Amino acid sequence: MPAFETAPLSRMGDAKISDAIRDNGPSSPTPERPFAVTLDFPSGSLTPSNRIFVRKLSDMARLFEDQEAVTRTLGSGEDPLIYVGRYAAVPERPGNLAFLTTTMAPGAVGSEFYMTKGHHHVQDSGEVYLGLSGEGIMVMESREGDFAYEALTPSVAVYVPPRWAHRTVNTGTEPLVFLATYFAGAGHDYGSIERTGFSRRVYRGASGPEVRPPLPAGGAGQ
Ligand code: 6PG
Ligand code: NI
């Protein structure tokens with residue numbers, strides 16, 4: 001089995017994935033008026049969408065456990081698209097609720113399923129996820145070290161309390177699509193996840209997804 005499976009771009013919606021970057025993309029000066037957006041559940045397309053960000057393997061290379069597989073793939077010139085985010089036009093100010101969709105390709109790096117980078121919010125605040133399409137798992141870990149996970153599937157809503165880091169994993173064979181809404185202006189802290197990671201990862205096991213700590217170096221399943 002190849003270390004990577006190529007993202008089905010045609011099923012990932014209409015993202016203009018050339019140069020949009022989450023953290024410094026163009027912000028929206030949209031006046032604060034009621035508005036509506038249309039969601040396409042299978043692709044995650046949001047119409048209108050005012051800001052799009054993409055994450056490729058090279059944007060999150062150090063986060064996957066199997067670093068040999070990462071190096072091999074990037075070295076061969078491949079840089080698979082892992083996920084796309086599409087924001088609705090809500091100004092990022094306290095008092096507002098930001099909301100966006102994420103569309104994640106199916107696939108794995110070695111035996112570890114594709115996943116989001118994962119983050120804490122800088123300003124601790126809760127968040128709600130709603131599954132729209134596909135099959136996934138959310139892993140969550142508190143600043144105090146408690147760990148939890150929940151399945152994320154269509155029609156399931158998951159609540160993430162303040163102080164809990166969160167990461168989403170696509171455990172299916174189709175794109176995983178979900179909506180998330182959170183306190184605008186809460187900010188995203190990726191650094192602490194890059195430094196310490198989550199205590200458990202999600203692997204493709206013989207009889208389904210396995211949520212467990214990494215095995216010791218040299219153990220089976222690496
Ligand atoms: C958020 C949500 C969610 C998440 C994306 C991408 O706070 O915006 O948790 O929309 O950001 O699914 O995940 P990463 O931000 O971890 O890359
Ligand atoms: Ni979040």
Side-chain angles (χ1 to χ4, degrees), residues 7 12-13 15 17 20-25 27-28 37 39 43-46 49-64 80-94 96-106 109 112-143 148-150 152 156-171 175-198 201-202:
M12 298 282 284
I17 59 173
I21 298 173
R22 177 190 192 112
D23 302 312
N24 60 5
S27 64
S28 167
V37 296
L39 295 168
S43 70
S45 287
L46 204 58
S49 168
N50 88 307
R51 191 149 66 98
I52 292 174
F53 67 93
V54 298
R55 303 269 198 239
K56 295 184 173 185
L57 177 62
S58 57
D59 299 317
M60 48 189 301
R62 284 175 302 152
L63 294 172
F64 286 100
L81 175 64
I82 311 286
Y83 56 102
V84 175
R86 299 175 173 89
Y87 277 95
V90 178
E92 292 213 352
R93 308 196 249 283
N96 288 353
L97 287 174
F99 70 101
L100 69 154
T101 58
T102 301
T103 305
M104 195 184 320
V109 178
E112 186 177 15
F113 286 114
Y114 280 1
M115 61 188 181
T116 56
K117 290 178 75 170
H119 58 266
H120 274 285
H121 287 283
V122 176
Q123 194 171 336
D124 288 322
S125 46
E127 178 156 2
V128 173
Y129 277 59
L130 174 64
L132 303 179
S133 189
E135 281 175 35
I137 289 178
M138 285 186 74
V139 295
M140 294 164 276
E141 191 152 339
S142 75
R143 293 190 192 279
Y149 70 94
E150 295 288 345
L152 185 65
V156 169
V158 177
Y159 178 63
V160 184
R163 303 180 61 77
W164 283 71
H166 38 287
R167 164 179 285 165
T168 314
V169 182
N170 187 348
T171 55
L176 172 67
V177 185
F178 56 89
L179 179 78
T181 183
Y182 62 97
F183 182 50
H188 294 79
D189 164 22
Y190 293 101
S192 49
I193 300 301
E194 282 164 5
R195 282 190 296 278
T196 61
F198 286 77
R201 294 174 178 270
V202 185

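Both counts, for ligands and for their atoms, begin at 1 and track the order of listing. Given the structure is predicted, the values throughout are model-derived calculations rather than measurements.
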Pull out every atom of ligand 1 sitting under 4.0 Å from any heavy atom of [X], numbered as shown with elements.
X    : result
F178 : 12 (O)
H121 : 7 (O)
R55  : 17 (O)
Y182 : 1 (C), 7 (O), 8 (O)
L100 : 8 (O), 10 (O)
T102 : 5 (C), 10 (O), 12 (O)
E127 : 1 (C), 2 (C), 3 (C), 7 (O), 9 (O)
Y190 : 14 (P), 15 (O), 16 (O), 17 (O)

Quick check on G118 - does any of its heavy atoms sit under 4.0 Å from an atom of ligand 1?
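Within the 4.0 Å threshold, so yes.
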To the nearest 0.5 Å, tell me how far L179 CG sits from L46 CG.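 CG of L46 is found 8.0 Å from CG of L179.
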Of all heavy-atom pairs linking M60 and T116, the shortest is CE-C, 3.9 Å
**Taking every non-hydrogen atom, the tightest pair across V156 and L152** =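 So the two residues come closest at O-CD1, 3.9 Å.
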Pairwise side-chain contact, [X] with [Y], heavy-atom cut-off 4.5 Å (strictly under):
X    : Y    : result
M115 : F198 : no
W164 : M138 : no
F64  : L57  : yes

- Task: Test H121 against F183 for ring pair (Phe, Tyr, Trp, His ring centres under 6.0 Å), laying out the working first.
- Result: CA-CA 9 Å; H121 287 283; F183 182 50; 9.5 Å; no
Check: So does K117 pair up with E194, basic N to acidic O under 4.0 Å?
Finding: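 Here K117 pairs with E194 in a salt bridge, since their nearest N and O are under 4.0 Å apart.
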For the Ni ion (ligand 2), angle spanned by H119 NE2 and H121 NE2 (nearest 10°) is 100°
- Shortest-distance N, O or S atom of E127 relative to the Ni ion (ligand 2):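 Per the distance ranking, E127 contributes OE1 as its closest N/O/S atom to the Ni ion (ligand 2).
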At under 4.0 Å between heavy atoms, what of H166 touches ligand 1? The answer is side chain
query: Quick one: does Y87 get an N or O within less than 3.5 Å of an N or O on ligand 1?
result: no
Matching residue for H166 among E141, E150, E127 - test: side chain to side chain donor-acceptor pair (under 3.5 Å):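 By the side chain to side chain donor-acceptor pair (under 3.5 Å) criterion, H166 pairs with just one of E141, E150, E127: E127.
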